[in-house]
Amino acid sequence: MTTILLLAGMSTRMGKNKLLLPYGKKTVLEYPLEIALRHSNEVICVTGFERERIEKVLSSYEVKIKYNPHFADGQRGSTLLGLKGVYDDVAILFGDLPLITSDDFEKGCHMLNDCPSCRPIYEGTPGHPVFVSKEKINGLVSDTRPFKEFLKDAGCRFYPGTLGTVFDVDTPERYKLLIDREDTILH
């Protein structure tokens, strides 16, 4: 399993780099990163906005870094850059999901043995990571439709996820919710 960890966004709704905000004794991005490292043969981190600051945090971890100079063009380009040269099953994960659990990741890894792609769902909302089998990677990369449409046509299945699969830290209000609940939900 290779995990593509997307860390290139500009955090416009937060007003500052959400990935570098403190949470517990780490930054927000270190929680999904450490989960990915536990369950992957390789973790590819795609950086963009504030590259130097993000890569300074990453320097403490065994990861491969790919810089997307066109990060302002959106998530699709960062995902495609991360997938370039990957010939393994893949998990695509956002760096602003600090509540993701090992169980969320393990369920997807196991389910991928029986289907071409899968992702968690929590209370009706599709979450991350998105798992894609190595047989479907070329199709995902070459398809010009939104990834959601490709996944649907590729037989993507859902599995029950936790709050951590959908709880992103995109706004100051979401970050406040995270910090206010830190003692009860920190894993």
Side-chain angles (χ1 to χ4, degrees), residues 1-9 19 29-49 51 54-98 100-121 126-162 164-166 168:
M1 175 69 60
T2 297
T3 296
I4 310 300
L5 186 61
L6 300 174
L7 307 171
L19 301 175
L29 79 83
E30 288 175 275
Y31 290 92
L33 171 60
E34 290 177 2
I35 293 291
L37 285 166
R38 269 186 233 135
H39 300 284
S40 307
N41 299 323
E42 179 179 46
V43 176
I44 299 171
C45 297
V46 182
T47 64
F49 178 67
R51 167 191 190 181
I54 298 289
E55 291 179 9
K56 183 176 179 185
V57 173
L58 297 176
S59 68
S60 299
Y61 296 92
E62 296 268 338
V63 298
K64 183 176 184 178
I65 298 171
K66 292 185 177 183
Y67 171 64
N68 179 7
H70 307 289
F71 62 87
D73 293 344
Q75 187 182 97
R76 182 180 186 87
S78 292
T79 304
L80 292 174
L81 176 65
L83 289 170
K84 188 174 183 179
V86 173
Y87 304 101
D88 194 5
D89 292 340
V90 70
I92 302 166
L93 181 60
F94 295 141
D96 67 342
L97 295 171
I100 191 145
T101 68
S102 279
D103 190 49
D104 292 321
F105 212 99
E106 287 174 11
K107 284 180 184 176
C109 288
H110 291 310
M111 183 175 258
L112 197 59
N113 292 324
D114 299 322
C115 63
S117 64
C118 62
R119 70 186 306 181
I121 192 165
H128 284 83
V130 173
F131 294 89
V132 182
S133 68
K134 60 186 169 193
E135 294 80 17
K136 293 291 183 180
I137 297 294
N138 286 338
L140 179 65
V141 170
S142 63
D143 199 302
T144 58
R145 298 175 297 160
F147 289 145
K148 280 191 263 186
E149 289 179 30
F150 173 84
L151 292 171
K152 182 179 176 186
D153 289 348
C156 185
R157 292 178 39 198
F158 291 99
Y159 63 91
T162 67
T165 64
V166 297
D168 53 10

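Since this is a predicted model, take the numbers as computed values, not measurements.
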Thr2 vs Asn41 side-chain heavy atoms within contact, under 4.5 Å: no
Flag side-chain contact, heavy atom, 4.5 Å: Val132 against Asp89: no
Contact summary for Pro32 and Pro98, nearest pair of heavy atoms: CD-CA, 4.0 Å
Worked check of side chain to side chain contact (heavy atoms under 4.5 Å, CB included) between Tyr31 and Leu97: CA-CA 7 Å; Tyr31 290 92; Leu97 295 171; over 6 Å; no
Shortest non-hydrogen contact from Cys118 toward Tyr159: SG-CE2, 4.2 Å
Check: Pro160 main-chain N/O paired with Lys107 side-chain donor or acceptor under 3.5 Å: yes
Donor on one side chain, acceptor on other, Ser78 and Asn68, under 3.5 Å: yes
Pair Tyr67, Glu55: side-chain N/O donor-acceptor within cut-off below 3.5 Å: no
Nearest-0.5 Å distance, CG of residue Leu80 to CG of residue Leu140: 7.0 Å
Short side-chain donor-acceptor distance under 3.5 Å, Ser117 and Arg157: no
CZ on Arg51 to CG on Leu7, rounded to 0.5 Å: 13.0 Å
Min side-chain heavy-atom separation Asp168-His128 under 4.5 Å: no
Exam field: side chain Ser40 to backbone Leu37, donor-acceptor pair closer than 3.5 Å: no
Asp104 versus Thr165, side-chain donor and acceptor atoms under 3.5 Å: no
Atom pair CD1 (Ile35) and CD1 (Ile100), whose distance is rounded to the nearest 0.5 Å: 7.0 Å
Within-4.5 Å side-chain heavy-atom neighbours: Glu42 and Ile44: yes
Under 3.5 Å side-chain donor-acceptor pair for Ser102 and His39: yes
Main-chain N/O of Met1 paired with Asp88 side-chain donor or acceptor, under 3.5 Å: yes
Evaluation steps, side chain to side chain contact (heavy atoms under 4.5 Å, CB included), between Arg145 and Asp153: CA-CA 11 Å; Arg145 298 175 297 160; Asp153 289 348; 2.4 Å; yes
Pi-cation contact, Phe147 with Arg76 (under 6.0 Å, within 45°): yes
Side chain to side chain, Ile137 and Tyr87, heavy atoms closer than 4.5 Å: no
Side-chain touch Leu83/Leu81, heavy atoms, less than 4.5 angstrom: no
Closest non-hydrogen atom pair, Leu93 against Ala36: CD2-CB, 4.3 Å
Check: Cys45 main-chain N/O paired with Lys66 side-chain donor or acceptor under 3.5 Å: no
Closest contact, heavy atoms only, Phe105 versus Ala91: CZ-CB, 3.7 Å
Under 3.5 Å: donor-acceptor pair, side chain of Thr3, backbone of Leu5: no
Ser133 side chain near Leu112 side chain, heavy-atom distance below 4.5 Å: yes
Exam field: side chain Lys64 to backbone Val46, donor-acceptor pair closer than 3.5 Å: no
Donor-acceptor contact present, side-chain Arg119 to main-chain Phe158, <3.5 Å: no
Rounded distance [0.5 Å steps], CD in Glu34 versus CZ in Arg38: 6.5 Å
Side-chain heavy-atom pair Asp96, Leu6 within 4.5 angstrom cut-off: no
Point-to-point distance, once rounded to the nearest 0.5 Å, from CG of Leu58 to CG of Leu19: 9.5 Å
Distance (rounded to the nearest 0.5 Å) between Cys156 SG and Met111 CE: 9.0 Å
